[in-house]
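All values below come from the heavy atoms of this structure, side chains included, with hydrogens, waters and symmetry mates left out.
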Amino acid sequence: MTAVDAMADGLGQREAFRADVLEGLSKPQKTLPSRWLYDDFGSQLFERITGLPEYYPTRTETRILSDHAGEIGAFFGEKAVLIEYGAGSGLKTEIVLGALDDPACYVPMDIAGDFLEQSADRLRETFPGLLVRPVTGDFTTDFDLPEDLASEGRGAFFPGSTLGNLGPTQAQAFLRRVRGHVGEGGGFVLGLDRKKDVSRLLAAYDDAQGVTAAFNLNILTRINRELGGTFDLRAFEHEARWNEEAAAVEMHILCTAETRVAVGDETFSFAAGETIHTESSRKYDLGAFAQTARAAGWTLEAIWSDAEELFGVLALRAH
């Protein structure tokens, strides 16, 4: 990517951010898409979240990946081209890359460009000789892979139960998008957070140290910085709640006092007690998910889980 391309990409992202903010804050239930939580600072905060005592998904999934690394490596096969969506720091990726037999290429994709480049550089050092080709973008929309990427041996990796952040329609579209990227016979390994006790779920999204709160509220700081917003963070706080119908933990930003906020030329009124819905994290019954995946062109080949059945890592094959 040239400097001009990078600038255009940055401008495009800012305009998309602006459009999403103005649209979301105009709704009766105000919303902000969760992808905008992950600027560089937001990505750093999320990495802190993954190490918190309450946040079981990361350590549980990491243990599952470690315990079944050999099986995962065999599933992807020799000289795999591994595409990872929402790559983040790439720590779990090291387990998978280390288990692969002479991987041909690793393509990490993430919306936070600077954070992604740092992760890519670290993986190049960890795996000398591995071709690493990062792609900055939003995996919830259509995007292009490198044109000269080998079409054979493609596999996809999507850890962290990030699929749960997407609504049912978005999730189905994403599953089909990945199916198109890997082609028939391609493999897909993804993590899913399983249904469990609600109190344990809520604690994972509202930790005692307040890191998740800082992560959620950072989007208001980002709006102020990038879009000329006037959010007074003293009037807003983090809230996590359970939505039984959607089987999801929802993150909201709660307004504690009546206020008005400008974003550019637009002004928005907030009543005390009103919220901005920033993220839903759906929890899965793995058998039901297998049927959803089949409709998108995938066959379930394996499920790896932990002893408490908190989390599942699934291996899907494109049919």
Side-chain angles (χ1 to χ4, degrees), residues 8-46 49 86 110-113 115 136-143 162-171 173-174 202 205-206 210-243 245-246 248-282:
D9 182 65
L11 290 172
Q13 283 216 12
R14 180 165 297 187
E15 288 309 308
F17 182 35
R18 183 190 306 277
D20 279 348
V21 169
L22 295 180
E23 179 184 2
L25 295 183
S26 299
K27 295 178 180 179
Q29 167 60 74
K30 293 178 171 64
T31 63
L32 292 170
S34 60
R35 65 180 175 273
W36 300 116
L37 295 168
Y38 296 88
D39 62 354
D40 289 331
F41 184 57
S43 295
Q44 292 170 21
L45 285 171
F46 184 73
I49 289 170
D110 199 88
I111 198 168
F115 193 73
T136 301
D138 178 6
F139 63 74
T140 66
T141 63
D142 290 328
F143 65 91
T162 310
L163 188 73
N165 299 149
L166 308 181
T169 301
Q170 270 190 314
F174 174 75
L202 289 176
Y205 292 83
D206 193 11
V211 183
T212 308
F215 169 68
N216 197 18
L217 293 167
N218 178 60
I219 196 169
L220 303 186
T221 301
R222 183 178 185 183
I223 292 170
N224 288 351
R225 181 181 67 249
E226 297 185 18
L227 304 180
T230 62
F231 278 98
D232 181 351
L233 267 66
R234 295 172 296 182
F236 295 89
E237 61 185 38
H238 168 70
E239 179 181 77
R241 60 173 72 160
W242 174 250
N243 184 325
E245 183 178 356
V249 177
E250 294 180 350
M251 290 205 315
H252 289 252
I253 297 174
L254 173 68
C255 180
T256 58
E258 184 177 343
T259 188
R260 290 172 65 83
V261 175
V263 180
D265 296 330
E266 301 289 333
T267 302
F268 302 94
S269 297
F270 288 81
E274 188 174 4
T275 71
I276 307 170
H277 181 195
T278 55
E279 183 176 87
S280 289
S281 184
R282 288 166 178 79

Side chain to side chain contact (heavy atoms under 4.5 Å, CB included) assessment of Glu266 paired with Leu25
CA-CA 10 Å; Glu266 301 289 333; Leu25 295 183; over 6 Å; no
Find out whether Phe17 and Ile223 are in side-chain contact, i.e. whether some heavy atom of one side chain is under 4.5 Å from a heavy atom of the other.
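In short, these two side chains touch, coming nearer than 4.5 Å.
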Run the numbers on Leu254 and Thr275 for side chain to side chain contact (heavy atoms under 4.5 Å, CB included), then give the verdict.
CA-CA 4 Å; Leu254 173 68; Thr275 71; 3.7 Å; yes
Full working for side chain to side chain contact (heavy atoms under 4.5 Å, CB included) between Thr259 and Asp232:
CA-CA 9 Å; Thr259 188; Asp232 181 351; 5.7 Å; no
Can any side-chain N or O of Glu237 pair as donor or acceptor with the backbone N or O of Leu217 at less than 3.5 Å?
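No.
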Taking the six-membered ring for Trp and the full ring for Phe, Tyr or His, determine whether the centres of Tyr38 and Phe215 are under 6.0 Å apart.
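Yes; Phe215 has its ring centre under 6.0 Å from that of Tyr38.
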Nearest 0.5 Å, what's the NZ-CD distance between Lys27 and Glu23?
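Result: 5.0 Å between the selected atoms.
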Hey, does Asp39 have a side-chain heavy atom less than 4.5 Å from the side chain of Arg225?
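Answer yes - side chains close enough.
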Given the ring of Phe270, does Lys30 sit roughly above its face, with NZ or CZ under 6.0 Å from the centre of the six-membered ring and within 45° of the axis?
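Yes.
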Heavy-atom pair of closest approach, residues Thr256 and Arg234
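So the minimum-distance heavy-atom pair works out to OG1-O, 4.1 Å.
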Can you list the steps and then say if Phe139 with Thr162 is a side chain to side chain contact (heavy atoms under 4.5 Å, CB included)?
CA-CA 11 Å; Phe139 63 74; Thr162 310; 3.7 Å; yes
What distance do Thr278 atom OG1 and His238 atom NE2 have between them, rounded to the nearest 0.5 Å?
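One gets 8.0 Å once the value is rounded to the nearest 0.5 Å.
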Output the distance between atom OG1 (Thr31) and atom CD1 (Ile276), rounded to the nearest 0.5 Å.
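Interatomic distance, Thr31 OG1 to Ile276 CD1, rounded to 0.5 Å: 9.0 Å.
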Just verifying a value: how many Å separate Glu15 CD and Leu227 CG, rounded to the nearest 0.5 Å?
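Taking CD in Glu15 and CG in Leu227, the distance rounds to 8.5 Å.
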Neighbour count >12 (heavy atoms, 6.0 Å) for atom CD, Gln170:
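For Gln170, atom CD is crowded (more than 12 foreign heavy atoms under 6.0 Å).
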Not counting sequence neighbours, which residues clear side chain to side chain contact (heavy atoms under 4.5 Å, CB included) with Ser280? List them please.
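Testing Ser280 for side chain to side chain contact (heavy atoms under 4.5 Å, CB included), a comparison that skips the adjacent residues, returns Ala248, Glu250, His277, Arg282.
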Find out whether Val261 and Leu220 are in side-chain contact, i.e. whether some heavy atom of one side chain is under 4.5 Å from a heavy atom of the other.
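They are not in side-chain contact.
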Kindly give the heavy-atom pair with the smallest separation between Asp40 and Phe115, and that separation in Å.
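Closest heavy-atom pair between Asp40 and Phe115: OD1-N, 3.3 Å.
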Would you indicate whether the side-chain heavy atoms of Asp20 and Leu32 approach each other to under 4.5 Å?
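The answer is no, as the side chains (C-beta and beyond) never meet within the 4.5 Å cut-off.
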Return the minimal non-hydrogen interatomic distance between Glu274 and Pro28, and the atom names on each side.
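Minimum heavy-atom contact is OE2-O, 4.1 Å.
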Which residues pass the side chain to side chain donor-acceptor pair (under 3.5 Å) test with Ser281, sequence neighbours left out?
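Listed in chain order: Tyr205, Lys283.
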Pair Ser34-Asn165, side-chain donor/acceptor within less than 3.5 Å:
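Side-chain D/A pair, Ser34 to Asn165: absent.
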Validation row: Asp206, Glu239 side chains within 4.5 angstrom (heavy atoms):
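Asp206 does not reach Glu239 side chain to side chain.
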Beyond-backbone contact of Asn216 with Leu37, side-chain heavy atoms, under 4.5 angstrom
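When only atoms from C-beta onward are counted, Leu37 and Asn216 do touch, with a gap below 4.5 Å.
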Is there a donor-acceptor contact under 3.5 Å from the side chain of Arg222 to the main chain of Trp36?
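Yes; judged by distance alone, with no hydrogens or angles, the pair exists.
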Check for a donor-acceptor pair, side chain of Asp138 on one end and backbone N or O of Ile111 on the other, with a separation under 3.5 Å.
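No, Asp138 side chain to Ile111 backbone: no donor-acceptor pair under 3.5 Å.
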Identify the heavy atoms of Ala171 and Leu163 that sit nearest to each other, and give their distance.
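For Ala171 and Leu163, the tightest heavy-atom pair comes out as CB-CD1, 4.1 Å.
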